[in-house]
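Quick caveat: nothing in here was measured; it's all calculated off a predicted structure. Side chains included, hydrogens not; waters and symmetry mates left out as well; all remaining heavy atoms used. The chains referred to below are lettered A, B, ... by the order of the sequence lines, with proteins before strands, and numbering in each begins at 1.
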Amino acid sequence: MQPVRVRFAPSPTGALHIGGVRTALYNYLLAKKTNGTMILRIEDTDQTRFVPGAEEYIMKSLEWVGIKIDEGVVQGGPHAPYRQSERKSIYKQYAQKLIDEGNAYYAFDTEEELEAMRNRLKATGSSNQQYSSITRMMMNNSLTLPEAEVKRKLESGDAYVIRLKVPDAEEIALTDLIRGEVKVHSEQIDDKVLMKSDGMPTYHLANVVDDYLMQITHVIRGEEWLPSAPLHVLLYRFLGWEKQMPQFAHLPLLLKPDGNGKLSKRDADKAGFPLFPYNWVDPTSGELSKGFQESGYLPDALINFLAFLGWNPGTEQEIFSMAELVSAFTVERIGKAGARFDILKAQWFNQQYLKAKSNDELAEFLLASLPAGSCTKEKAAKICGMLKERVTFTHDFATQAKFFFEAPAEYDQQVVSKKWNNDAVTVLTAYSQALASIQELTAEAAKTTLENVTTTLGIGSGKIMQALRVSITGAGSGPDLMIAMEILGSTEVVSRINRALSTLKKV
RNA sequence: GGUCCCAUCGUCUAGGGGUUAGGACAUCAGAUUUUCAUUCUGGUAACACGGGUUCGAUUCCCGUUGGGACUACCA
């Protein structure tokens, strides 16, 4: 396949939604697969929705998940600038060309007039309340107003927009790589605003112009754009760029985990899972959106999970590195139906990726949660090695390793009431004495010593294991106790057992 | 309401005119284990419905139903 030029074109209006990450991922995979170019274009033509920090957030997020940008705001490139607000002057000439050739017109209608028009149509029971080939002749625009009047308005600085003059009876067809041929009658397309009254283009004009100028070969975007794709085709045609028109691929949507509808932050909050790469605090509302990073997810696991939401390799392989995804990816294998977002599956991937990491890598997660210098890297690696089979999130190391760094402040009452009995006290008393004489406690020594004690006393070791565990860790469950004791060392183990014996004796 | 898109286990999906409809997550049971977890083994579980086409449809076509997206001077 020829090298493609694809773009991810987010709007900096807030945190980057996970669906956006998947869109970026599919673009990226196709780019890498074909040795092509991945472009990041910031679509900030709506100045009223600009949110400070959003653009940086988007770039940081893409970087975290491993999506590298070839051309963009910070990387630069042959088609700079890559921020649409900085390309403002470019769009005007194309709008002008459309006007000159009779494919667009000036419209002076106020918001109230537009509202009144819609209400009027609604009242008559019209199924279509759009600014269209029928309604445009009843409005204030350069099609209905005398030429002199239009000229006067333009010169006196009256507010105006430029609208596309959609042909009135024509079938517009486009080929979507995922859905095949899609046809829409031009009657259904309204006379979309191309240039807003503030002089900025709308998405429709800007994206077509930029995709053409930036020589984009494939437009891979969410399905929510499918209804306006015919409009874009029209624009390519009127601008004389039909031959250079990119190929379209409209991705299936990410759906709520239960019920129906597009996945939203509300659903994620309700179900208690993140929906954004990093935590994001909305600068105006102060509202927090939880991030995958802070929630303990690994970027590779997230990517693997996301890749499989709407795409599959057709084999039974489940675990894919980014490089493997690149070589396995094809647009043909993208599905058509929306995919429910199942966080449990994401957790499973995370667990798989965590387990596959080396103890040294894992140690970093534990060390990060500890005061500097409180634990050696070797010790942390050893602890993580023991813990890695029982961990789902990166922060699980810290919580599960807690007892290594602090003696239990309290004991699990359930375990105590069930397992703390005379046998346990007898064995633990003898065991602690036996351990006290051991200098270098190994897991092996801890085990044989315990066996010696229990056989001598004639008490099954199984009966007191829980009591031993609770005395050392405070909890009824956890990792291999003998190895844990080795890491803790005999002095600490003995002191913990003795402490438990003195505080729990009465129970 | 209108337009467009979509439809295989609870979820993500493979498959495709004749299959015991496959895998993964989740779930259930058993085994292993010093507990919990891991791991292993096994089980439950799906072609939305109705018409065609055909010797034969889950697969192809049409319709119904259901769901979704869009319907702004937002992207």
Side-chain angles (χ1 to χ4, degrees), chain A residues 9-13 43-46 48-49 84 107 109-111 114 118 122 125-131 159-163 176 178-180 182-185 187-190 192-204 206-207 221-230 250 252-253 255-262 305 308-319 333 335-349 351 355 387-392 396 400 415 419 447 450 461-466 468-470 473 475-482:
Chain A
S11 182
T13 54
E43 309 226 323
D44 58 348
T45 52
D46 185 356
T48 64
R49 293 212 306 160
Q84 288 185 327
D109 314 279
T110 64
E111 217 167 293
L114 290 170
R118 287 188 202 107
K122 209 180 270 177
S126 166
S127 62
N128 194 332
Q129 295 123 31
Q130 295 173 322
Y131 206 116
Y160 69 88
V161 299
I162 296 175
R163 284 183 183 272
D176 184 276
I178 294 171
R179 285 150 220 287
V182 177
K183 280 190 207 151
V184 178
H185 199 87
E187 231 100 274
Q188 300 305 326
I189 303 172
D190 62 341
K192 277 271 182 292
V193 170
L194 265 19
M195 290 293 273
K196 299 184 269 190
S197 54
D198 65 359
M200 276 287 190
T202 58
Y203 170 83
H204 304 290
N207 112 25
R221 74 228 302 188
E223 194 188 348
E224 68 267 30
W225 293 109
L226 194 52
S228 59
H250 289 93
L253 262 19
L255 273 19
K256 297 172 196 274
D258 58 324
N260 305 299
K262 210 159 129 181
F305 165 67
F308 272 68
L309 240 36
W311 172 88
N312 77 83
T315 66
E316 292 193 347
Q317 185 181 347
E318 303 273 342
I319 304 296
R333 293 205 66 89
K336 295 179 187 176
R340 293 248 172 82
F341 191 85
D342 181 11
I343 196 66
L344 254 26
K345 191 106 178 205
Q347 290 177 7
W348 178 79
F349 273 112
Q351 195 181 43
K355 267 204 303 204
L387 253 26
K388 77 160 102 174
E389 293 295 318
R390 40 193 310 110
V391 130
T392 301
D396 288 342
Q400 294 201 34
V415 182
K419 305 281 183 181
K447 189 163 189 161
L450 180 64
S461 67
K463 298 182 107 172
I464 55 85
M465 280 307 290
Q466 289 279 87
L468 175 59
R469 177 180 293 282
V470 87
T473 70
S477 69
D480 188 293
L481 232 204
M482 302 304 146

Next item on the list: Determine the Euclidean distance between corresponding P atoms of B/rC73 and B/rU13; express it in Å to zero decimal places.
Entry: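 35 Å, rounded to whole Å.
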
Notebook entry, point to check: What integer number of Å spans the P atoms of B/rU58 and B/rC49?
Noted result: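 Pairwise P distance, B/rU58 against B/rC49, rounds to 8 Å.
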
Just name whichever nucleotide pairs with [N], Watson-Crick or G-U, keeping both distances under 3.5 Å, else none.
N: B/rU35; value: none
N: B/rU59; value: none
N: B/rU3; value: B/rA69
N: B/rA48; value: B/rU64
N: B/rU27; value: B/rG43

Tell me: [atom1] of [X] to [atom2] of [N], nearest whole Å?
X: A/Lys388; N: B/rU38; atom1: NZ; atom2: P; answer: 16 Å
X: A/Arg221; N: B/rA69; atom1: CZ; atom2: P; answer: 17 Å
X: A/Lys256; N: B/rG68; atom1: NZ; atom2: C1'; answer: 11 Å
X: A/Gln347; N: B/rU38; atom1: CD; atom2: P; answer: 12 Å
X: A/Gln130; N: B/rC70; atom1: CD; atom2: P; answer: 14 Å
X: A/Leu309; N: B/rU13; atom1: CG; atom2: C1'; answer: 10 Å

Notebook entry, point to check: For the side chain of A/Lys345 and the base of B/rA26, is some donor closer than 3.5 Å to an acceptor across the two?
Noted result: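 Answer no: no donor N or O sits under 3.5 Å from an acceptor.
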
Next item on the list: Kindly indicate whether the side chain of A/Arg340 and the base of B/rU11 share any N or O donor-acceptor pair separated by less than 3.5 Å?
Entry: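 Counting by modelled atom types and ignoring angles, no donor-acceptor contact under 3.5 Å is found here.
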
Look at the side-chain N and O atoms of [X] and state whether any lies under 4.0 Å from the OP1 or OP2 oxygen of [N].
X: A/Lys336; N: B/rG68; result: no
X: A/Asn128; N: B/rG2; result: no
X: A/Arg49; N: B/rA75; result: no

Next item on the list: For the pair A/Trp225 and A/His204, name the ring-plane relationship: parallel under 30°, tilted 30 to 60°, perpendicular over 60°.
Entry: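 Ring orientation, 0 to 90° scale: perpendicular.
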
Next item on the list: Check the pair A/Met200 / A/Gln84 against side-chain contact (heavy atoms from CB on, under 4.5 Å), numbers first and verdict last.
Entry: CA-CA 9 Å; A/Met200 276 287 190; A/Gln84 288 185 327; over 6 Å; no

Margin query: We want to know whether A/Asn128 and A/Ser126 form a side-chain donor-acceptor pair, criterion being a heavy-atom distance below 3.5 angstrom.
Written below: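 Per modelled atom types, A/Asn128 and A/Ser126 side chains form no pair under 3.5 Å.
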
Note to self: Counting only side-chain heavy atoms from C-beta out, which of B/rA75, B/rU34, B/rC4 sits nearest to A/Val182?
What the structure shows: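 Among the listed nucleotides, the one closest to the side chain of A/Val182 is B/rC4.
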
